[in-house]
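Numbers for residues simply follow the sequence, beginning at 1.
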Amino acid sequence: MPSQMEGEELLLPTELPAEHRSGFVAVLGKPNVGKTTLVNRLVGQKVGIVSPKPQTTRRRLRGILTLPQAQVIFIDTPGIHQPRHKLGEYMVEAAVATLGDVDLVVFLVDVSRPPTSEDEQIAALLRGRREVGKRSPVILVLNKMDLLPPQDVQPHSDAYLGLGVHEEWMMISATKGHNCDKLLDMILERLPLGPRYYPPEQYTDQEERFIVAELVREKALRHLEQEIPHSLAVAVEEFQERREDLVYIAATLYVEKASQKGIVLGAKGKMIKAIGSEARKEIESFLGKKVYLELWVKVKEQWRR
């Protein structure tokens with residue numbers, strides 16, 4: 001995998017500075033507040049897929065940022081919400097379990113809107129950690145400042161600061177990059193002294209097959225209507241190097257209803273072809289090789305249960 005710090009000299013473990021810092025940072029928040037966008041921005045590589053649809057992230061993802069003076073392992077979590085099915089329960093459990101042993105928590109919120117019951121739920125969760133002796137610092141990050149109307153700056157900010165779970169706070173735009181450098185400095189200052197846990201060139205711990213499946217799902221999410229995304233899953237069935245410069249990939253898109261299969265395929269197969277064409281280009285960029293991508297659509301009723 002390519003290094004996330006192009007052109008910057010990285011030291012060998014034996015040459016690490018005495019004040020080298022490292023640690024695990026959980027990025028927590030309700031769905032669609034920009035957690036994956038922020039992790040991608042801070043790491044400088046595409047760690048997870050992004051779409052306008054809530055609950056795009058379904059499992060914990062690790063994004064690794066290696067600097068000469070520090071290594072930060074960001075843990076991107078599924079959005080915490082009130083689950084309506086087994087998949088939702090799994091996603092929330094995965095996010096909450098992340099808090100078990102981290103060095104720092106980034107509580108990400110959408111400052112363009114006032115707090116919701118889900119934000120209150122997360123704040124209560126963080127307060128509960130303190131009551132049982134879990135003292136990992138919390139940075140409250142007010143995201144989407146670029147979408148915040150001037151008249152709402154004070155009331156929305158005060159409402160989030162009033163949740164009272166943070167030691168520090170920062171207002172940013174993960175999409176535009178505003179104040180993300182300041183946030184990173186704030187994170188680095190609060191990490192403990194420690195070694196590198198991963199090689200400097202590694203920016204995620206996800207396997208290639210998983211990343212490929214996610215890239216296909218991302219393109220599908222961007223093309224399909226609102227009723228499809230939560231019912232869609234992607235599994236890579238075959239991943240073979242046919243030649244040194246060519247990889248054959250067969251993936252299946254699973255939906256829950258026969259009617260959804262028709263939507264994913266599209267008239268005369270136009271939709272699945274568009275999804276495949278966009279996915280293939282990004283997979284080729286990721287793998288650095290030509291890709292022959294075959295996509296299939298199958299119905300698996302109630303797979304989320």
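- K289 and E244 are not joined by a salt bridge, as no carboxylate oxygen comes within less than 4.0 angstrom of a charged side-chain nitrogen.
- Put simply, the side chain of H20 gets close to the backbone of G194: a donor and an acceptor are under 3.5 Å apart.
- The residues E214 and R217 are annotated as salt-bridged, a charged nitrogen and a carboxylate oxygen being separated by less than 4.0 angstrom.
- Q260 places a side-chain N or O within donor-acceptor distance of the main-chain N or O of K257, the cut-off being under 3.5 Å.
- Inspection of the Y292 and R280 side chains reveals no N or O donor paired with an N or O acceptor under 3.5 Å.
- Remark: side-chain polar atoms of Q71 are not paired, donor with acceptor, to backbone N or O of T66 under 3.5 angstrom.
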| task | Check step by step if salt bridge (Lys or Arg N to Asp or Glu O under 4.0 Å) holds for K46 and E218. | result | CA-CA 12 Å; K46 188 168 184 174; E218 178 184 56; 2.5 Å; yes

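- Scanning both residues, H156 and S112, for their nearest heavy atoms gives CE1-O, 3.3 Å.
- Taking all atoms of both residues into account, the shortest heavy-atom contact from K35 to N32 is NZ-N, 4.4 Å.
- Judged by distance alone, with hydrogens and angles left aside, the side-chain atoms of T77 form a donor-acceptor pair with the main-chain N or O of V27 at under 3.5 Å.
- Ion pairing of R21 with E189 is absent here, as no side-chain N (NZ or NE/NH1/NH2) approaches a carboxylate O to less than 4.0 Å.
- Contact record, S22 with P195: OG-O, 2.7 Å, taken as the closest heavy-atom pair.
- One finds the OG1 atom of T175 at 12.0 Å from the CE atom of M145 (value rounded to the nearest 0.5 Å).
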| field | L67/L188 under side-chain contact (heavy atoms from CB on, under 4.5 Å): CA gap, chis, key distance, verdict | value | CA-CA 10 Å; L67 304 167; L188 293 174; 3.9 Å; yes

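- In R113, the CZ atom is not crowded: 12 or fewer heavy atoms of neighbouring residues, nucleotides or ligands sit closer than 6.0 Å.
- Side-chain atoms of S136 come within 3.5 Å of backbone N or O of V102 as a donor-acceptor pair.
- Between V111 and S157, the shortest heavy-atom distance links the atoms CG2-OG, 4.3 Å.
- When the options V141, L140, L148 are evaluated for a side chain to side chain contact (heavy atoms under 4.5 Å, CB included) with M171, the one that passes is L148.
- With hydrogens and angles ignored, the 3.5 Å screen pairs a side-chain donor or acceptor of N40 with a backbone N or O of V47.
- Side-chain polar atoms of T116 and K30 form a donor-acceptor pair below 3.5 angstrom.
- For the pair Y160/W169, no side-chain contact is recorded, criterion being any heavy-atom separation below 4.5 Å from C-beta on.
- Under a 3.5 Å cut-off, the side chain of Q202 and the backbone N or O of T204 do form a donor-acceptor pair.
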| query | Yes or no on salt bridge (Lys or Arg N to Asp or Glu O under 4.0 Å) for E167 and R190, after CA distance, side-chain angles and deciding distance? | reply | CA-CA 11 Å; E167 282 75 21; R190 284 156 183 79; over 6 Å; no

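- At least one side-chain heavy atom of L253 sits under 4.5 Å from a side-chain heavy atom of I272.
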| query | Please walk me through it: do N179 and K182 pass side-chain contact (heavy atoms from CB on, under 4.5 Å)? | reply | CA-CA 5 Å; N179 288 341; K182 296 177 182 178; 3.6 Å; yes

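- Side-chain contact between L183 and L38: present, with at least one pair of heavy atoms (C-beta onward) separated by less than 4.5 Å.
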| CA sep, side-chain torsions, deciding dist, call: F74, F24, ring-ring contact (aromatic ring centres under 6.0 Å, His included) | CA-CA 6 Å; F74 294 100; F24 294 80; over 10 Å; no

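- For the residue pair E294/Y248, the side-chain donor-acceptor check at 3.5 Å is satisfied.
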| field | Stepwise side-chain contact (heavy atoms from CB on, under 4.5 Å) check, I75 with L28 | value | CA-CA 9 Å; I75 306 174; L28 207 68; over 6 Å; no

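- Panel note: side chain D76, backbone G48; no donor-acceptor pair is recorded below 3.5 Å.
- In this structure, K273 and S277 have side chains that are not in contact, with every pair of non-hydrogen atoms separated by 4.5 Å or more.
- The two residues M170 and I172 come nearest to each other via the heavy atoms CG-CG2, 3.6 Å.
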| What's the verdict on side-chain contact (heavy atoms from CB on, under 4.5 Å) for V109 and I122, showing C-alpha distance, side-chain angles and the deciding distance? | CA-CA 10 Å; V109 300; I122 297 168; over 6 Å; no

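- Under the 4.5 Å side-chain heavy-atom criterion for Ile, Leu, Val, Met, Phe, Trp and Tyr, L126 and L161 are members of the same hydrophobic cluster.
- Counting only heavy atoms from C-beta outward, the side chains of L104 and I187 approach each other to under 4.5 Å.
- Judged by distance alone, with hydrogens and angles left aside, the side-chain atoms of E241 form no donor-acceptor pair with the main-chain N or O of L246 at under 3.5 Å.
- Each of V216, I211, I249 was scored for a side chain to side chain contact (heavy atoms under 4.5 Å, CB included) with V236, with one residue passing: I249.
- Summarising the geometry of L224 relative to M271, their closest heavy-atom pair is CD2-CG, 3.9 Å, with the distance given to 0.1 Å.
- Taking a cutoff of 4.0 Å between a charged side-chain nitrogen and a carboxylate oxygen, R222 and E278 do not qualify as a salt bridge.
- In this structure, the side chains of L193 and E19 come closer than 4.5 Å at one or more pairs of heavy atoms.
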